[in-house]
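A short write-up of the structure that comes next.
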Amino acid sequence: MSGERTAVRITADQQVCVSAGMCALTAPEVFDQEEHQGTVVLLAPEPTRDQEALVREAVALCPSGALRLSGG
């Protein structure tokens with residue numbers, strides 16, 4: 001099933017985030033930005049299979065390295 005959770009888990013370090021917004025632009029169902037500082041807000045720390053490819057792309061595009069994947 002496409003809505004199944006993957007073994008992948010995302011962590012986001014707001015202290016490292018530079019508010020570029022690449023994550024929220026790439027995978028808006030998983031990432032958002034904090035209203036005042038613009039830092040990453042994690043909406044879904046365990047993405048679905050449908051979201052996994054975009055999540056991996058968002059992590060790769062993060063200029064500060066604030067996003068990490070574990071598992072899977």
Side-chain angles (χ1 to χ4, degrees):
M1 286 183 195
S2 59
E4 290 180 22
R5 298 281 173 208
T6 64
V8 172
R9 182 157 180 84
I10 311 160
T11 55
D13 186 339
Q14 290 185 330
Q15 300 300 316
V16 174
C17 180
V18 295
S19 306
M22 295 306 299
C23 56
L25 290 171
T26 305
E29 293 179 354
V30 179
F31 303 100
D32 199 357
Q33 289 182 275
E34 194 272 331
E35 187 175 336
H36 300 290
Q37 299 294 323
T39 54
V40 61
V41 173
L42 196 51
L43 302 175
E46 295 177 4
T48 65
R49 291 190 190 281
D50 286 348
Q51 297 166 330
E52 186 175 351
L54 287 177
V55 165
R56 289 184 183 280
E57 183 177 350
V59 170
L61 291 172
C62 180
S64 67
L67 303 175
R68 301 255 187 244
L69 291 180
S70 59

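The figures here come from the full heavy-atom set of this structure, side chains too, leaving out hydrogens, waters and symmetry mates. These numbers come from a predicted model, not from an experiment.
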Spacing of [X] atom [atom1] and [Y] atom [atom2] [to the nearest 0.5 Å]:
X: Ile10; Y: Glu52; atom1: CD1; atom2: CD; result: 9.5 Å
X: Glu29; Y: Thr48; atom1: CD; atom2: OG1; result: 7.5 Å
X: Leu42; Y: Thr11; atom1: CG; atom2: OG1; result: 8.0 Å
X: Thr26; Y: Arg56; atom1: OG1; atom2: CZ; result: 14.5 Å

Open item on the list: Ignoring hydrogens, what is the shortest heavy-atom contact between Gln37 and Ser19? Give both atom names and the distance.
Closed with: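 Taking every non-hydrogen atom into account, O-OG, 2.9 Å.
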TODO: Can you see which heavy atom on Val40 is nearest to which on Cys23, and at what distance?
DONE: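 Smallest interatomic distance, heavy atoms only, reads CG2-SG, 3.8 Å.
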Open item on the list: Is there a path of hydrophobic side-chain contacts, each under 4.5 Å between heavy atoms of I/L/V/M/F/W/Y residues, joining Val8 to Leu54?
Closed with: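 Cluster IDs for Leu54 and Val8 differ.
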Task: Hphob cluster co-occupancy, Leu67 + Met22, side-chain heavy atoms under 4.5 angstrom - done: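 Hydrophobic grouping puts Leu67 apart from Met22.
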Open item on the list: If we ignore hydrogens and angles and just use 3.5 Å, is the side chain of Gln14 paired with the main-chain N or O of Val41 as donor and acceptor?
Closed with: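 Judged by distance alone, no pair lies under 3.5 Å.
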Open item on the list: Any side-chain to backbone donor/acceptor pair from Thr39 onto Gln15? Under 3.5 Å, distance only.
Closed with: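 A pair under 3.5 Å: no.
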Task: Pairing residues for Ser64 by the side-chain contact (heavy atoms from CB on, under 4.5 Å) criterion, not counting sequence neighbours - done: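 By the side-chain contact (heavy atoms from CB on, under 4.5 Å) rule, Ser64 matches Val16, Val18, Cys62, Ala66.
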